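Source: prediction; values computed, not measured. The analysis underlying the following values was restricted to heavy atoms, covering all of them including side chains, and did not include hydrogens, waters or symmetry mates. Reminder, nothing fancy here: chain letters follow the sequence lines and each chain counts from 1.
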Number of protein chains: 2
Amino acid sequence: MEPGDSTKQARAAAQLRKGVLEYCVLALMRDRPRYGVELLHALEDSGALATSQGTVYPLLSRLRRDDLVTTTWQESASGPPRRYYALTDSGRAALDEFARVWPGFRNTVDSFLTTPHPSTGDLA
Amino acid sequence: MEPGDSTKQARAAAQLRKGVLEYCVLALMRDRPRYGVELLHALEDSGALATSQGTVYPLLSRLRRDDLVTTTWQESASGPPRRYYALTDSGRAALDEFARVWPGFRNTVDSFLTTPHPSTGDLA
DNA sequence: CCGGGTTCCATGCGATGCAAGGTACCTGAT
DNA sequence: ATCAGGTACCTTGCATCGCATGGAACCCGG
């Protein structure tokens, strides 16, 4: 698709997703229950977090296994029934915890990228 | 140490580190070569990216395997010799690539955490 | 000679992203 | 009735990565 940068950019982005995806999925469920493909599309629309079904469904299984979400089947007007995922109290707590940790993490990475790291020898 | 949040915060932070650590280490080498323990201390001082030798050395081995860094042994005034890691052209390119991708990723996660995601059904 | 500090490294486990493959439901055209 | 195509769900297997653990080598001072 994008010529040239597809490989390297994909590599960097792929590594980045690790761990963050879980909490972004939880964040998507914050306001209302969502179903698998809906989450997939929301991630795809975000651009930087686009992923595949092979990533999302195992992730959702883990969230259910760890009691971070509960699921309910629901009929669809057209198409097969959908499994809707909703946050549990534990899930909401995990999301809050992540929201608390994220800013510090984000700023740390920012500083690593921007700050010219002087020298460690001076102060020691 | 910190009572209560140690487990959950540690879990969230641990997942976060994945993938980002590699590029923060590269960023540390941007200005001058560094050796293993020096990198370890720099990460520890940053707070959010504190890790252990068991993480850093395998990471450095991978960077060397992928030709992102080159290493040179150097005598130490006191203690065993140090292996200094320096960026190669590929390493610098990978770091630049990450620096290009990171802001978009960071903003995406920020928006997932802050934006009240309305509904996908309305617009469809 | 021996304990402690510093520096390097390898092994093994658990968790994760992801490509690939598979099943089932519905609709509309042939 | 049959078949193609879109939607939706899920599993399996591989590669990778963070990290705890354990270990080796070097130097110094007692």
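Note: CZ (A:Arg64) to P (D:dT11) measures 8 Å, nearest angstrom. For the pair A:Arg34 CZ and D:dT7 P, the interatomic distance rounds to 18 Å; values are reported in whole Å. Distance, A:Tyr84 OH to D:dT7 C1': 12 Å, rounded to whole Å. Between B:Glu44 atom CD and D:dG18 atom C1' the separation is 16 Å, expressed in whole Å. B:Tyr57 places its OH atom 16 Å from the C1' atom of D:dG18, with the value rounded to the nearest Å. In this structure, the OH atom of B:Tyr85 is 8 Å from the C1' atom of C:dC8, given to the nearest Å. In this structure, the CG atom of A:Leu40 is 15 Å from the C1' atom of D:dG6, given to the nearest Å. We find that CG of B:Leu63 is positioned 14 Å from C1' of D:dG18, with the value rounded to whole Å.
Remark: B:Tyr84 engages B:Tyr35 in a ring pair (Phe, Tyr, Trp, His ring centres under 6.0 Å) (not counting sequence neighbours). Applying the side-chain contact (heavy atoms from CB on, under 4.5 Å) test to B:Leu40 and every residue at least two apart in sequence or in another chain returns B:Thr51, B:Gln53, B:Val56.
The side chain of B:Ser61 contributes an N or O atom lying less than 4.0 Å from OP1 or OP2 of C:dA10. Within the structure, every side-chain polar atom (N or O) of B:Thr55 is placed at least 4.0 Å from both OP1 and OP2 of D:dA20. Between A:Arg83 and D:dC9 there is no side-chain N or O to OP1 or OP2 distance below 4.0 Å. Close to C:dG17, at under 4.0 Å from its OP1 or OP2, lies no side-chain N or O of A:Thr51. For B:Tyr35, a side-chain nitrogen or oxygen approaches OP1 or OP2 of C:dT7 to under 4.0 Å. Of the side-chain N and O atoms in B:Arg17, none sit less than 4.0 angstrom from OP1 or OP2 of D:dG18. Between A:Arg62 and C:dT16 there is a side-chain N or O to OP1 or OP2 distance below 4.0 Å.
Taking the charged nitrogens against the carboxylate oxygens, A:Glu22 and A:Arg17 have no contact shorter than 4.0 Å, which rules out a salt bridge. Ion pair B:Glu97/B:Arg92 not flagged as a salt bridge, since none of the NZ, NE, NH1 or NH2 atoms sits closer than 4.0 Å to an Asp/Glu carboxylate oxygen.
Under the ring pair (Phe, Tyr, Trp, His ring centres under 6.0 Å) test applied with A:Tyr23, the options A:Phe98, A:Phe105, A:Trp102 reduce to a single match, A:Phe98.
When the nucleotides C:dC18, D:dC19, D:dC17 are ranked by their closest atom to the side chain of A:Leu21, C:dC18 comes out on top.
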Write down the protein N/O and nucleotide N/O pairs, taken from nucleotides 23-28 of chain D, whose separation is under 3.5 Å; answer none if there are no such pairs.
none

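Atoms CG and CG, on B:Leu113 and A:Asp96 in that order, are 10.0 Å from each other to the nearest 0.5 Å. Note that CG of A:Leu39 is 12.0 Å distant from CG of A:Leu49, once rounded to the nearest 0.5 Å.
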